[in-house]
Amino acid sequence: MSILVTGGAGYIGSHVVKTLLNKFDVITLDNLNKGYEKAVLGGRLIKGDLGDKKLLKKIFENNNIEAVIHLAADSLVGESMKNPAKYYHNNLDKSIKLLEMMVEYNIKNIVFSSTAAVYGEPQKIPITEEHPICPSNPYGESKYFFEKVMERYDKIFDLKYISLRYFNAAGADPAGEIGEDHKPETHLIPLILDVALNKREKIFIFGTDYSTRDGTCVRDYIHVNDLATAHLLALRALMQGKESSIYNLGNGQGYTVREVIETVRRVTNRNIIAEKAKRRPGDPARLIASSQKIKEELNWSANLPDLDTIIETAWHWHKKGGFDKK
Ligand code: UDP
């Protein structure tokens with residue numbers, strides 16, 4: 001029996017694949033638009049797009065797939081505001097094709113990579129799964145729409161799902177073989193690390209007039225391996241007959257942009273030039289998760305909750321130069 005991981009060559013996907021190896025037979029499907037062949041540390045990698053129906057059919061026909069972990073997606077908020085069709089098409093249409101294939105081959109379990117972006121501007125902190133849904137961009141909306149599709153497929157076809165709503169994924173596998181390497185990079189921690197490595201001159205702080213303790217945005221950074229572990233727990237729970245569920249995944253602790261910069265300074269011992277800049281459109285002031293539900297129901301807990309440790313693992317990876325140097 002195999003587990004199909006879509007998007008398994010990406011940042012989070014590659015950490016998920018590593019976590020599954022030695023426990024399951026893993027098949028990764030990735031178009032390698034954003035992912036890296038070298039990031040897939042084991043199992044089988046099939047290069048191809050989720051939208052390729054013939055390929056999908058071949059994969060389901062030729063393998064004994066027991067469950068799917070679905071991470072393949074576009075995930076840039078800014079891009080989704082400029083090109084919404086790309087997000088509805090790639091994240092929703094193609095995901096529905098995957099579900100259709102699962103129905104055809106009678107595969108009942110899917111773990112889905114969702115996002116805190118489904119909530120939009122929070123009304124209450126920490127954010128629980130009951131918080132009203134109001135995505136402020138097509139990215140978050142495409143993920144939410146697919147959650148609704150899965151809910152419907154559960155009712156009609158008894159297809160069970162666990163949707164994991166990630167907060168800010170960060171860090172790298174401490175073994176140093178895989179990590180974050182986006183091109184172009186837009187995320188805060190890797191950008192600050194680029195400044196530490198003199199690859200960038202400075203970090204721009206997007207907004208210093210938010211109503212937070214130092215005026216900059218607060219985010220909940222969670223180590224990518226802790227996210228990966230949650231996928232394993234979710235998969236096992238579904239295999240043991242658990243009902244469909246949705247879980248937030250964060251550390252429950254928020255750090256401002258300035259605090260993250262300060263932590264990078266401390267961890268790397270390098271000079272980091274930071275400059276005030278305009279707010280980035282669509283950025284909520286504070287995003288902090290309540291992960292109480294997944295703790296209680298799946299017995300999940302963060303192994304690497306400390307921001308210093310998260311940044312240390314990212315620093316260790318970044319100093320090696322990413323996948324180009326591997
Ligand atoms: N941010 C920033 N400068 C940058 C990149 C990000 O100030 O060059 C801020 C951004 O506005 C947000 C936080 O850092 O408040 C985290 O942003 P990131 O893009 O890493 O993740 P997001 O919260 O958008 O998922």
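First listed ligand is number 1; within each ligand, the first listed atom is number 1. The basis for the numbers below is simple: all heavy atoms, side chains too, and nothing from hydrogens, waters or symmetry mates. Residue numbers count from 1 along this sequence.
- Note: Tyr166 and His231 meet the aromatic proximity criterion, with ring centroids under 6.0 Å apart.
- Taking every non-hydrogen atom of Cys217 and a distance limit under 4.0 Å, the qualifying atoms of ligand 1 come out as 15 (O).
- One side chain, Ser244 or Asp154, offers a donor N or O that lies under 3.5 Å from an acceptor on the other.
- With hydrogens left out, the protein atom closest to atom 9 (C) of ligand 1 is Val257 CG2, 3.8 Å, a heavy atom.
- Note that OH of Tyr119 and OH of Tyr144 are 10.5 Å apart. Values are rounded to the nearest 0.5 Å.
- Atom numbering of ligand 1 starts at 1 in the shown order; those under 4.0 Å from a heavy atom of Ile205 are 7 (O).
- In summary, the atoms of ligand 1 found under 4.0 Å from a heavy atom of Phe204, numbered by their order in the structure, are 2 (C), 3 (N), 4 (C), 7 (O), 8 (O).
- In summary, Lys38 and Asp181 do not engage in a salt bridge, as defined by a charged side-chain N under 4.0 Å from a carboxylate O.
- Annotation for ligand 1: atoms under 4.0 Å from non-hydrogen atoms of Asp283 are 10 (C), 11 (O), 12 (C), 15 (O).
- Those atoms of ligand 1 that come under 4.0 Å of a heavy atom in Thr186, given as number and element, are 5 (C), 19 (O).
- At a heavy-atom distance under 4.0 Å, only side-chain atoms of Arg280, from C-beta outward, approach ligand 1.
- Residue-level proximity to ligand 1 for Thr216 is absent, since no heavy atom of it falls below 4.0 angstrom.
- Membership of the apolar cluster around Tyr255 extends to Leu188, Ile189, Leu191, Ile192, Leu193, Val195, Leu197, Ile203, Ile205, Tyr221, Val257, Val260, Ile261, Val264, Val267, Ile272, Leu307, Ile311, Trp315, as traced through chained side-chain contacts below 4.5 Å between ILVMFWY residues.
- Heavy atoms of Ile203 approach ligand 1 to within less than 4.0 angstrom.
- Between the side chains of Glu100 and Tyr153, at least one donor N or O sits under 3.5 Å from an acceptor N or O.
- Between the choices Leu188, Val260, Thr115, Asp220, the shortest heavy-atom distance to atom 20 (O) of ligand 1 belongs to Leu188.
- With a 4.5 Å cut-off on side-chain heavy atoms, Arg279 and Tyr210 count as touching.
- Among all protein heavy atoms, the one lying closest to atom 7 (O) of ligand 1 is Phe206 N, 2.9 Å.
- The protein heavy-atom contact nearest to atom 21 (O) of ligand 1 is Asn168 ND2, 3.1 Å.
- For ligand 1, the polar-atom distance check against Arg219 finds a nitrogen or oxygen pair separated by under 3.5 Å.
- At a threshold of 4.5 Å between non-hydrogen side-chain atoms, the residues Lys54 and Lys57 do not count as touching.
- For ligand 1, the atoms lying closer than 4.0 Å to a non-hydrogen atom of Tyr221 are 13 (C), 16 (C).
- None of Asp226, Asn225, Val224 except one satisfies the side-chain contact (heavy atoms from CB on, under 4.5 Å) rule with Ile222; the exception is Asp226.
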